[in-house]
Structures are given as structure tokens and as C-alpha cells.
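Input: a single structure, listed below in C-alpha cells.
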Number of protein chains: 2
Amino acid sequence: KTTFSEISPSEFFYRNRDLAGFSNPSRALYSAVREIVENSLDSCELYRILPEIYVRLSYVDGEEDKPEPKKYELLAVDNGSGIEREQIPKAFGRIFYGSKYRLRQTRGMFGMGGTMAVLYSQITTNRAVEITSSVDGKTAYKFVMLIDIEKNYPSILSEEANDAKGWRGTKVKLQLVGDYFRSSSKINDYFKNTALVTPYANITFVDPNGKMMQFLRNTNTMPEPPKETLPHPHGIDVEAVKRLIKNWKGGTMTKFMVQTFHRVGNKIALDFLSYAGIPPNIDPRELSNEDIVKLTDALHAYDKFLPPDGRCLSPLGEEIFTAGIVKELEPEFYAVEVREPAAYSGYPFIIEVGLAYGGKNNQPGLRLLRFANRIPLLYDEGSDVSFKVLNEEIDFKRYNVPQDAPLSIITHISSTKVPYKTVGKEYIADRPEIEKELRNGMREVLRKLQVYLGRKGSMEKQRRK
Amino acid sequence: KTTFSEISPSEFFYRNRDLAGFSNPSRALYSAVREIVENSLDSCELYRILPEIYVRLSYVDGEEDKPEPKKYELLAVDNGSGIEREQIPKAFGRIFYGSKYRLRQTRGMFGMGGTMAVLYSQITTNRAVEITSSVDGKTAYKFVMLIDIEKNYPSILSEEANDAKGWRGTKVKLQLVGDYFRSSSKINDYFKNTALVTPYANITFVDPNGKMMQFLRNTNTMPEPPKETLPHPHGIDVEAVKRLIKNWKGGTMTKFMVQTFHRVGNKIALDFLSYAGIPPNIDPRELSNEDIVKLTDALHAYDKFLPPDGRCLSPLGEEIFTAGIVKELEPEFYAVEVREPAAYSGYPFIIEVGLAYGGKNNQPGLRLLRFANRIPLLYDEGSDVSFKVLNEEIDFKRYNVPQDAPLSIITHISSTKVPYKTVGKEYIADRPEIEKELRNGMREVLRKLQVYLGRKGSMEKQRRK
Ligand SMILES: Nc1ncnc2c1ncn2[C@@H]1O[C@H](COP(=O)(O)OP(=O)(O)OP(=O)(O)O)[C@@H](O)[C@H]1O
Ligand SMILES: Nc1ncnc2c1ncn2[C@@H]1O[C@H](COP(=O)(O)OP(=O)(O)OP(=O)(O)O)[C@@H](O)[C@H]1O
Ligand SMILES: [Mg+2]
Ligand SMILES: [Mg+2]
């Protein structure tokens, strides 16, 4: 007789933590750091707070001279928005719980990254974690907690309220088994590359040996925060339409179209409804199930909807992107191309491609740096859409770029939904619309390099004469 | 004020269905077919039933002449064990619910594949699915059901009990939006490759145009079903140890070690407990939290535990593997290497590598066919450990194999836990222990090819003299 059982989301990701990037001690150390830093940066940017982020890894007493893998303490402090007292335990003690389940560009999207760091800490050290947060600079609540993995629920061991003394933000302190020897170069690259795309952030990282890496802001200008946006008709499926109708407070189909979908005005709504054969004055809640399917099919097929505009997005922008490239890569020549907004499956996105030639990096050969929603992607390059485009769709000879030229190509995608292929956010799916913008962006920066190299070459010829 | 929300597992995979392989109509059609076929084959093999599997894709009335993507009906019938009446709705209507959450080699492992097919069907067609099953050949229960995606729970529209007339098994009937034009070659390859590793199965696939692909069994010998096994000390973390202790019915530490862990006898248990500094006669439930951490660290560090044996596994075996290669690839020369059992993180695995040269496939160049627990892996080859080993760690010149030789390398891994990197089961992580066995397996079959080519070459020289 077959026995069935069910498991909670935390149980699932406990058993399958490879899927979330916690596969071995060196990778898990990296993932814990990145998930926590990304939470801090999201929080600062959403409320337009100039980020002050401090991360320290240290050996646990008595562990310093042991061989890897071994216990580390991870301490991270930010000056972000903080988390309301009632939300702190579930924010870190429940998988699929968070504030980013909306159509808005943020680093976080799955509702589980912070919780995974806590889970991994607990299963490798059997210790509770300490989460402290203040939303008002007056009171800071400190929770010492575990996760009940079978129930996917926090298990609070103690709670304290203390004077925050003006500090607003979030502090995470936990122990975990890591392998810093193996992951240090990736963790260092993570901080360097994060600084490249967030030049308005002060980021301090202290490694277990006490060495401090400090990235000081070179601008006080923060980007416009991303905005929540309405769904676009092209991306929508039947389930989503049903829910939109279920939540509809009342009014005609025309009003429903205009208020529900992105960039649909009265004129387009009426033209669409006539195309779809749906009376404009009925209430959407009167539609039968068959009508809803007919409506959904029509939403996909109707080709006069305006494409998603990118105004809800917050790309790096030429100024910030260039500042980051110049500061981190100190190139002899650089170029940046910010593409026009585009969309895949109704989700708006903006591609930005940068190029850095020579200068501080005089390593011959091509390097690819990838970013998505300001997150550096440091793993699984070979599976990423940027790598595919760069290697299969770009003809370097055509730009007279020598094979061993010291060249870095930097790609960044901003989107309300980055199409990661894994919950570990390592690489991006090859959607044709994204491929096209990457290809054109790369061609554009290479064209600019070609002009520079051409000019440089003819100036050298002049000099020799 | 930040608003938090939580989402159910089905809501998570509805929003992020790319993660599960349901990213677009052509891919989703493939994924629906494979998830259902893998469920059927698991069911037959577990109860040692010679599989009879029938899968039919057909156009939905009136859709035939529409452009892709369009609606298809998927019908799949097997002669497996069937599913108990009370379990049918949750088996297909709840994510993270299943019978494969145990330490045993099966195709399924996540408890969500069948449910994803149902979910995708519902969100693209708004139609209920029909699941029929009989466990005794007398009564067949037919459920017409939807998934309440927000609740992660089945929503049963109707239930019928009918005379099964001797049929025992499971039948799934659903509609979904697919793109057969784009996915037909992958779906066809899936069936061909499945037949390669399951030569004891009768598999029939009827495509939407009525074309029938039939794979008749060429052997009645079924492999030994895999067995559930005990965890191995090396793979265990603190959380798992705590649970094992919590479930302990009573007895000494020695008895706990012997009954809980794979291949631990009294002698090793006593030696280990003395190494760990834990009294052999106390009950494990007396251990403090610190002791449990100390016990877990010792379980990892102690090096005299016997490695996992492969006896719980069910590899293809030389006979079946060879029969499949000969039948499907009709090579001029073939070789097979079945490696000794090994383990990664305490999980036993067996690598089998096959080689097929020339014959029916005289396409010049190297082809890689990958399998895991008898599942063909047809996507993301570039990210898979087999691809990495083949391309980075094998020196073909050393075996005198010409660059354009018509060569297929076939890899198969059997394990109690295949380290997939995605829930879509597309490719496998590069664990060093797995890499090593693949490398040695590939070298072995290439050595045999080298002997063959050498002999063939010298015979041709003889002939010309
Ligand atoms: N440093 C922080 N400052 C403010 N809020 C935070 C912080 N860290 C976590 N949170 C809150 O906790 C929630 C859960 O975080 P978690 O990392 O688990 O998920 P997420 O960031 O929403 O998504 P993802 O899994 O993609 O990271 C966040 O949505 C956010 O509201
Ligand atoms: N054809 C079938 N015959 C017998 N049992 C089945 C069949 N299809 C599904 N089941 C049962 O339903 C359960 C859920 O199936 P589902 O595919 O969702 O998950 P799984 O196979 O356990 O794991 P995975 O997500 O990796 O496929 C299975 O564990 C199995 O017990
Ligand atoms: Mg997060
Ligand atoms: Mg399954």
C-alpha cells in the first residue's frame, strides 16, 4: 500500500537546498551573504535611503585553526526601512512570506532568500539566529529564533525591546558552516560588482581575517525608486484574469479594462472589446467561464495594445552605469548603451550594456559581467542568455577587435520580473525579446570601441611617421 | 508601511512556472508529457509490472487549423499500481504531496510534477482535468477536478465510481495550450530515449496528426526494483539527527547507531561512539543540544564508516543498457562500462557510461545522451556535469579517435537522490565524486573504442596489401 505524505515549503527547500544555492559550505556562505545584502539594498532603495551596509564574517571562537569547512559568524547591519515588529519572525522564519510579491522591480522576488540563510544556519550549527530591527529609530526589537522546518513557521526563543538610539534598519546575526577559503574570491567579487552598480552605497565588508573592504559612495544621487505597475494584457493567463474579475469592485467592462491593465485607455478598451465580441457595458463579473477564456485569448491576440512602457522601471542609467564602470574597472576606453524599454510576455524590461577596454584590466581576453535588477550574477555564466548572445551572436572580427583584447562586457537587465531559471538567481533564460536587446546593445558598444581603436591606430601611425 | 503577504506552494509555482519547466507553450507541452510518463514508469517499476503506456496528443475540436500555440488534449493511460481513491485528488491537486519523499531511487522526487501539468492545463484553458484510477481492477474512480491555486488544494467538481473491468492503473486526460510544431522533435526524442533505457516497456505515442510511434518491449526481464535505504552518516546534518533522535523509540546509543544508519554494525558503532566521546549506553534522547552538534560533527569526521553500498540502487546493468543501445542506435561498435557504487554527501550512486560508434548513426561528430534514474535529460546540456566532463576532462586524441568520428556517449546515473539543479530536472550538478566516476567511465569506453579502431585500421591495411 503506497503511503503518501506532504511536506512544507521549508521542508522542501531543506531537502533540496541545492535548488536555492545552498549546496555546499563554500556556496552556502556566498548565498547567505548575498541574500542578506540584497535584502538590505532593496530596503534602502525602496525608501530612497542612501545605503550604509556593514557585513562581517568572523571565525567562531576556537574554530579559527580548524580545517575548512568550519563555523563562521555572519553579522550584517543596514540603515534601511527596518521591519515592523510583528513581521520580523515570519520575514525570516517562513518560506514564501515577504513584501515583494508585486509587479515591481526589486532584487527579491521569491520570498525565501533571508529565510534560507536562517534555515542553513540552523541545520549546520543547531543555533538560533538573532534578528534586530527598528522602523522608527526609537525602539529596536531583537528576536532570537529558530525555524520549525516541518511547519514552515518561526519558533521564537526570546524577544526584547531596546532603545534604538536613533538607529533605524535591520541587523542579522547568525552562525553557519562555511568554507571561506573556497568562496572568498566569489564573495569579494560580489561586493566589488555590487559597488559597481550601486555607487551611491557605502558598503563595508570585514572578512574573517580582519581584512576590511570598503566601498565609499562617489555620488549622493539615488536612482528613482521603481514603481509598482499594472499587468499588461499580453502576459496574462486565464487564472490571472479570473482573479482580476473576482477582485473587481464593480463597473463596466470598459472601466475594468482601463483600470486593470497597463496603458489601456478608453478608446483602446472599446476597440478591443468590439474585437473580442464582448459588450462594453456589462460587468465583468457577469462573464461565464467560456467568456473568460474568450476574453483571455483575445487579450493575447489583439495587436493594438500599447507595449509596456519602462516608466515603472529603475535602470542604472548612463550616468550611474558609467560612473560605476569607470570607478571599478578604470578602463582606457569605455562605452555604455541604454536600450529602449521592451517587454517579454507582458513584463517590461530595460537592457543596458557597458564595455570597458584596457586600462587597469590589461588581462588579455574577454570577460563578461552580468547583472539583473542591480544584482551581480557570478555563477553559471555558461547557461546565461548574455553568454549565449556574446558567444554565438556577436562577430568580433566585424568590429576589428583583436581576439586577445583586454575587454569586459557588462550587461544589466531591469525588469518587473527577471526570468531567472533557478531560485538561486544565478542566470537568466533566453527569452527572444531579451536576446534581441542584448545583441543590439553589445553591437552598439562594440561599434564605439571600433571607432576608438580605429582612431587610436591611425594616431599611432601618425606618430611613427 | 510595508505590506507582507504569503503565498502557497502552488501560487509560487504558478507565478514561477519557468522554474518547473513550464515556461512557454512548446516547453510546457514537453514537460506535461514527461512528468506524466515518468509517474507511470515509476508506478510500474515499483511493483514490477511490465509497463504498458499509452500517450496521445490530439488537436482540440476546431483548433486544428489555428496557428501555434494552440489547445491540445493530452491523454495518458498506464497499467501501473493505480492510486487509492482518497489520494487521487491530492496527488494531482496539491504541490508537495506525493509518495516519493523517501530515500529510494525513483524518477519522481519533488512531489509536484503531475500537479504542475494539471496547473498549467487549468491556467491556459480554464478547464478541469479528468483523473481515473483503479488499484484493484474492480472499481475505477474518476475525478473531474481543478486546483485551488491560492490554497494549494484540489477542488473536486465530480467523482464517479465505475467498473474497472479488470484494468488497474491510472489515466490522465487534460487540455493545455502547447506548440507541437516546436516541441515535436524533443517529444519524439523523449520517447525514443526512454525506450532506450526501458526496453521492457511497451510505449505507444500518438501525435496530433495521428502518427503512431510504438516501442515494443524486446525483453520481459524487469530490473530489480530499487529499495528504500537508511541514511549514511556522512550526509547527515544536525536537523536530520535531531529528528532521528526525536523518532527514536528507545534504546542505547549503540542500538540507535546500528538501527538508524546504513552499514553500521555493533563494532563500528562502539568504535565511533568512543571516538565521539559519547557513552554507548545512554539513550540518544538524553543528549543535549550541544551533544547533538558534537555527534553530528563526529559523524562527518569519523573516517571508518563503510561507504554506502549500491545494493539499494537499480542501475540499468550491462545487459539492459547494451540491449537499449543496440536497439535504438544500431551501432557498428559499442561499449558499456558500469562503475562501482560510489557516494556523494552520503547518497549512493552508480554511474554507467555507454558508447556507440558508427552504424545507423553515421553523422560525423560527438553526441551526448544523458540519463538519470532512467529519465532522458534533453535540455540544458551545456550546464550538465556530463557535458563538462566530456568537454573539459577527456582527451580524445589520446584514444586516436578522429574529431569527426560518428560517436555517441551515453551517461546514466542511478541514485537515491539525483542532484538536479532545477525542479524541471534538466541537468545535474557537478559533484566531484560524480565527475570522477563519469570521467573514468568515459575513459574506459573510449579505450575499448581505441582497441576496436586500431584493430579495424590494421585489418584494412592487411586487406589493401
Ligand atoms: N534588511 C531588511 N530590511 C527590510 N526588510 C527586510 C530585510 N530583510 C528582509 N526583509 C523583509 O523580509 C522579507 C522576506 O525576505 P526574503 O529574503 O526571505 O524574501 P524576498 O527578499 O522577498 O525574496 P527573495 O527570496 O527573492 O530574496 C522581504 O520581502 C522584506 O520585506
Ligand atoms: N501514473 C501514476 N501511477 C501511480 N501513482 C501516481 C501516478 N501519477 C502520480 N502518482 C502518484 O502521485 C504522486 C504525485 O505525483 P507528482 O508527479 O506530482 O510527484 P512525484 O512524482 O512524487 O515527484 P516529481 O515532482 O519529482 O515528479 C506520486 O508520488 C505518486 O504517488
Ligand atoms: Mg530577499
Ligand atoms: Mg512525478
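Computed from a prediction, not measured in an experiment: that's the story for all the values here. Sequence lines set the chain letters: A, B, ... in the order given, protein chains first and strands last, and positions in each chain run from 1.
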If you define the side chain from C-beta out and look only at heavy atoms, does anything of B/Arg127 sit under 4.5 Å from A/Val293?
no

With only heavy atoms counted, which part of A/Lys242 is less than 4.5 Å from chain B, the side chain, the backbone, both or neither?
side chain

Check whether any side-chain heavy atom of B/Glu84 lies under 4.5 Å from a side-chain heavy atom of A/Phe4, and answer yes or no.
no

Indicate yes or no: at least one non-hydrogen side-chain atom of A/Lys417 is less than 4.5 angstrom from one of B/Asn16.
yes

Select one option (side chain, backbone, both, neither) describing which atoms of B/Asp380 are under 4.5 Å from chain A's heavy atoms.
side chain

Interface residue of largest heavy-atom contact number with chain A, from B/Glu11, B/Lys1, B/Lys421, B/Arg243, under 4.5 Å:
B/Arg243

Honestly, the part of A/Thr296 sitting under 4.5 Å from a heavy atom of chain B is neither

B/Tyr101, part contacting chain A, at a heavy-atom distance under 4.5 Å:
both

Once rounded to the nearest 0.5 Å, what's the spacing between atom CG of B/Asn126 and atom CD of A/Glu239?
8.0 Å

Interface residues of residues 90-97 of chain B facing chain A - non-hydrogen atoms under 4.5 Å apart:
B/Lys90, B/Ala91, B/Arg94, B/Phe96, B/Tyr97

Residues forming a ring pair (Phe, Tyr, Trp, His ring centres under 6.0 Å) with B/Tyr420, sequence neighbours excluded
none

Could you work out, with salt bridge (Lys or Arg N to Asp or Glu O under 4.0 Å) as the rule, every residue matching A/Glu381, not counting sequence neighbours?
none

Starting from the C-alpha separation in whole Å, work towards a yes-or-no answer on side-chain contact (heavy atoms from CB on, under 4.5 Å) for B/Ser5 and A/Arg102.
CA-CA 10 Å; B/Ser5 58; A/Arg102 32 193 92 202; 6.0 Å; no

For chain A, find its close neighbours in residues 422-430 of chain B: heavy-atom separation under 4.5 Å, sorted by number, or none.
B/Thr422, B/Val423, B/Tyr427

Pairs of heavy atoms under 4.5 Å with chain B: top-ranked of A/Lys100, A/His300, A/Met112, A/Glu150:
A/Glu150

Carefully, step by step, assess A/Asp18 and B/Arg431 under the rule side-chain contact (heavy atoms from CB on, under 4.5 Å).
CA-CA 11 Å; A/Asp18 299 47; B/Arg431 301 293 174 129; 2.3 Å; yes

Could you look at B/Leu46 and say if it's the side chain, the backbone, both or neither that has a heavy atom under 4.5 Å from chain A?
neither

